[in-house]
Each structure stands twice: as C-alpha cells, then as structure tokens.
Amino acid sequence: MPMILDIHSHKPAPYPEGVVSLLNPGEPLIDGQAYSIGLHPWDTADGISEEAWNALEQQAADPRVVAIGECGVDLTKGAPLFRQLLVFKRHIELSERLGKPLVIHCVKAADIVLGLKRDLQPSQPWAIHGFRGKPQLGRQLTDKGIFLSFGEKFNGQSLNEIPPQYILAETDDSILNITQVIEALSAAANRDLTELIAANTAAFLPKTPYAQV
C-alpha cells in the first residue's frame with residue numbers, strides 16, 4: 001500500500017497517498033482509504049445538532065477514519081467564538097477518546113489553540129493545516145509539540161526555521177498533487193523533503209496502518 005504523504009486533502013477517494021477530509025458525516029467510506037472527519041468552524045454559524053454530532057462520532061470510530069478534523073477556530077468567519085470553542089473542544093475530547101490525531105483549522109486564533117493545548121494537555125498529536133504564518137508563530141506552535149502542515153501557499157522562511165520533525169504536507173483544495181507540493185517545499189528548503197515528510201506523517205499517524213515509511 002502506498003505511504004501517506006498528504007495529511008489533509010479534499011481530493012476524491014480513492015486517494016491512497018492522502019488522508020481525505022470528510023465534512024459531511026455519513027458519506028460512504030472506501031476500504032483501504034484513510035479519512036479524517038470533523039465539523040469545520042465555518043459550518044458552526046447555525047449551531048450543530050446532536051443528530052449531526054452523533055453521526056460524526058459514529059463515523060469517527062470507523063478504523064478507516066485515522067484523524068479528527070478539520071476542526072478548530074476561525075476568527076474571520078463562522079459562529080461566535082464561544083460556539084466555535086464548544087464545538088472545537090468536543091472534537092478534542094473525541095480525538096482523545098478514540099486515540100486519533102487532530103487536524104486543526106486555525107485563522108487568527110493561534111493563541112486560543114496554544115491556550116487549549118496548555119490547559120487540556122492532550123495525548124494525541126495536533127497539526128495546524130495550511131500553515132502560512134511567520135517563523136515566530138511557527139516556533140511558538142512547534143515549541144508546544146504542534147505539527148505544521150504546509151500546502152501550495154506557504155511561508156518559506158517559516159518552513160526553514162521550524163524544527164524539521166514538525167513539517168507535514170497537504171494538498172487541501174489545491175489542483176496540485178502532493179508530489180508537486182512537496183517539490184515546491186523541497187525547492188524552498190533546498191533539499192528533498194520527501195523522506196522527512198513521510199517519516200513525520202508516520203509519526204503523526206502512529207496507529208494508522210496506511211502511514212508507513
């Protein structure tokens with residue numbers, strides 16, 4: 001089975017080299033495909049029904065679902081902060097209960113994510129997807145053990161200044177494939193990052209049979 005290099009993608013399954021992100025609980029799952037599932041903070045504006053949450057919890061327990069998310073906090077869009085926080089905390093609790101890592105959507109809310117990481121002391125790995133922030137912010141996050149996933153648009157200085165063991169890659173909704181994304185990251189780093197990203201992905205998804213180096 002191909003090793004996973006893409007920890008967050010909206011490409012259609014089958015997509016063996018990536019984790020396909022589901023935003024609609026109840027979608028059928030394909031055997032051999034790795035998925036993540038979560039409720040995006042943009043979708044919390046009208047609240048989340050218990051029926052929707054129960055459907056998410058049920059599907060999240062499926063072994064083909066290897067991560068929880070994307071979920072998180074976006075201070076530019078979505079529900080009021082208090083509601084986003086309630087939903088995000090439920091995802092964190094689910095991640096801990098199922099023993100699956102967390103893929104986080106974070107926009108202008110790094111201090112909130114860092115505060116929750118400090119207060120809740122989760123045992124599961126966390127990753128900020130689509131990180132484009134400056135090096136100082138990147139180091140603040142990685143200092144707390146949070147992975148950073150880089151996509152088509154990224155800050156090359158941040159890529160080069162964070163500890164390499166926290167670098168992940170993704171396609172998200174890009175038309176590029178993961179090989180092209182990693183080629184761009186490698187060019188910015190002036191070295192081939194493929195093996196590093198494969199190893200980091202396996203570390204982020206330690207219980208996932210699909211993530212093997």
Side-chain angles (χ1 to χ4, degrees), residues 5-9 19 21 36 38 40-42 67-82 84-85 87-89 91-92 95-96 101-174 176 178 180-206:
L5 293 170
D6 185 348
I7 67 111
H8 178 74
S9 180
V19 178
S21 178
S36 65
H40 197 288
W42 293 357
I68 305 302
E70 65 184 289
C71 58
V73 178
D74 190 325
L75 296 184
T76 69
K77 188 174 180 180
L81 177 58
F82 78 91
Q84 291 195 35
L85 282 173
V87 176
F88 185 31
K89 286 180 179 179
H91 282 86
I92 296 170
S95 164
E96 292 296 296
L102 197 69
V103 178
I104 300 172
H105 174 101
C106 175
V107 177
K108 299 187 182 300
D111 56 336
I112 295 172
V113 171
L114 286 166
L116 288 170
K117 186 76 159 53
R118 179 194 64 233
D119 295 343
L120 300 178
Q121 294 292 307
S123 63
Q124 293 304 305
W126 287 14
I128 304 292
H129 101 80
F131 183 76
R132 305 181 194 178
K134 295 180 180 180
Q136 181 180 2
L137 178 58
R139 290 192 297 270
Q140 288 176 343
L141 292 163
T142 55
D143 282 350
K144 301 304 179 183
I146 299 175
F147 288 83
L148 302 181
S149 181
F150 295 86
E152 178 183 5
K153 299 177 181 179
F154 63 94
N155 185 316
Q157 188 178 359
S158 296
L159 176 72
N160 284 298
E161 292 191 20
I162 68 166
Q165 66 267 30
Y166 291 110
I167 296 172
L168 298 172
E170 65 177 71
T171 55
D172 195 15
D173 56 3
S174 173
L176 300 182
I178 192 60
Q180 292 170 312
V181 170
I182 294 175
E183 286 175 349
L185 298 175
S186 298
N190 200 30
R191 64 188 178 106
D192 187 355
L193 296 179
T194 305
E195 290 188 7
L196 172 70
I197 289 171
N200 291 349
T201 302
F204 180 66
L205 302 171

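Keep in mind that this is a model prediction, so the values were computed, not measured.
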Practice task
Could you check whether the rings of H105 and W42 sit parallel, tilted or perpendicular, using 30° and 60° as the cut-offs?
Solution key: perpendicular
Handout entry: Side-chain donor/acceptor of S36 to backbone N/O of G69, under 3.5 Å
Key = yes
Problem - Side chains of P41 and V73 in contact at under 4.5 Å (non-hydrogen atoms) - result: no
Completion exercise
Interatomic distance, CD@E152 vs CD1@I178, rounded to 0.5 Å, equals 11.0 Å
Fill in the blank from the handout: Closest non-hydrogen atoms of A189 and N160, given as atom of the first, atom of the second and distance, are CA-OD1, 3.3 Å
Problem - S186 side-chain N/O to L193 backbone N/O, donor-acceptor pair under 3.5 Å - result: yes
Fill in the blank from the handout: Between I162 and R139, the two heavy atoms sitting closest are CG2-N, 4.3 Å
Problem - Over all atoms of both residues, closest heavy-atom pair of A188 and F154 - result: CB-CE1, 3.7 Å
Practice task
Answer yes or no: does atom CG of N190 have more than 12 heavy-atom neighbours from other residues, nucleotides or ligands under 6.0 Å?
Solution key: no
Practice task
Give a yes or no answer on whether the side chain of Q84 reaches the backbone of A79 with a donor-acceptor pair at less than 3.5 Å.
Solution key: yes
Exercise for the section: Ignoring hydrogens and angles, tell me if any N or O in the side chain of D74 forms a donor-acceptor pair with the backbone of C106 under 3.5 Å. Expected result: no
Handout entry: Side-chain heavy atoms of V19 within contact of L205, under 4.5 Å
Key = yes
Practice task
Show your reasoning for whether side chain to side chain contact (heavy atoms under 4.5 Å, CB included) applies to H129 and D172.
Solution key: CA-CA 8 Å; H129 101 80; D172 195 15; 3.6 Å; yes
Practice task
Please check if the side chain of E96 supplies one atom and the backbone of S123 the other of a donor-acceptor pair under 3.5 Å.
Solution key: yes
Exercise for the section: Search all heavy atoms of K89 against all heavy atoms of L116 and return the closest pair with its distance. Expected result: CE-CD2, 3.6 Å
Problem - W126 and F88 aromatic ring geometry - parallel, tilted or perpendicular at 30°/60° bounds - result: tilted
Handout entry: I182 side, atom CD1; E195 side, atom CD - distance, nearest 0.5 Å
Key = 11.5 Å
Practice task
Evaluate the side chain to side chain contact (heavy atoms under 4.5 Å, CB included) criterion for residues L102 and F147: first the C-alpha distance (whole Å), next the side-chain angles of each, then the deciding distance (0.1 Å), finally the verdict.
Solution key: CA-CA 10 Å; L102 197 69; F147 288 83; over 6 Å; no
Exercise for the section: In sequence, state the C-alpha distance, the side-chain angles, and the governing distance for L185 and I197, and then conclude on side chain to side chain contact (heavy atoms under 4.5 Å, CB included). Expected result: CA-CA 10 Å; L185 298 175; I197 289 171; 4.2 Å; yes
Handout entry: Flag, side chain of N200 to backbone of L168, donor-acceptor distance under 3.5 Å
Key = no
Exercise for the section: Could you tell me whether the side chains of D192 and T194 share a donor-acceptor contact shorter than 3.5 Å? Expected result: yes
Practice task
Using a 4.5 Å cut-off on heavy atoms from C-beta on, say whether the side chain of I104 contacts that of I146.
Solution key: no
Problem - Exercise: identify the closest heavy-atom pair between T171 and L176 - result: CG2-O, 3.6 Å
Exercise for the section: Applying side chain to side chain donor-acceptor pair (under 3.5 Å), run through S95 and Q124 and close with a yes or a no. Expected result: CA-CA 7 Å; S95 164; Q124 293 304 305; 5.3 Å; no
Problem - Worked verdict on V103 versus I68 for side chain to side chain contact (heavy atoms under 4.5 Å, CB included) - result: CA-CA 6 Å; V103 178; I68 305 302; over 6 Å; no
Exercise for the section: Please name the pair of heavy atoms, one in L137 and one in A110, separated by the smallest distance, quoted to 0.1 Å. Expected result: CD1-CB, 3.4 Å
Practice task
Output yes when a side-chain donor or acceptor of S149 lies under 3.5 Å from a complementary backbone atom of I128, and no otherwise.
Solution key: no
Exercise for the section: State, yes or no, whether a side-chain contact exists between S21 and H40 at a heavy-atom distance under 4.5 Å. Expected result: no
Practice task
Would you check if K144 and L114 make a side-chain contact, meaning some heavy-atom pair closer than 4.5 Å?
Solution key: yes
Problem - E170 vs S9 side-chain heavy atoms within contact, under 4.5 Å - result: no
Exercise for the section: Can you establish whether the number of heavy atoms outside Q121 located under 6.0 Å from its atom CD is more than 12? Expected result: yes
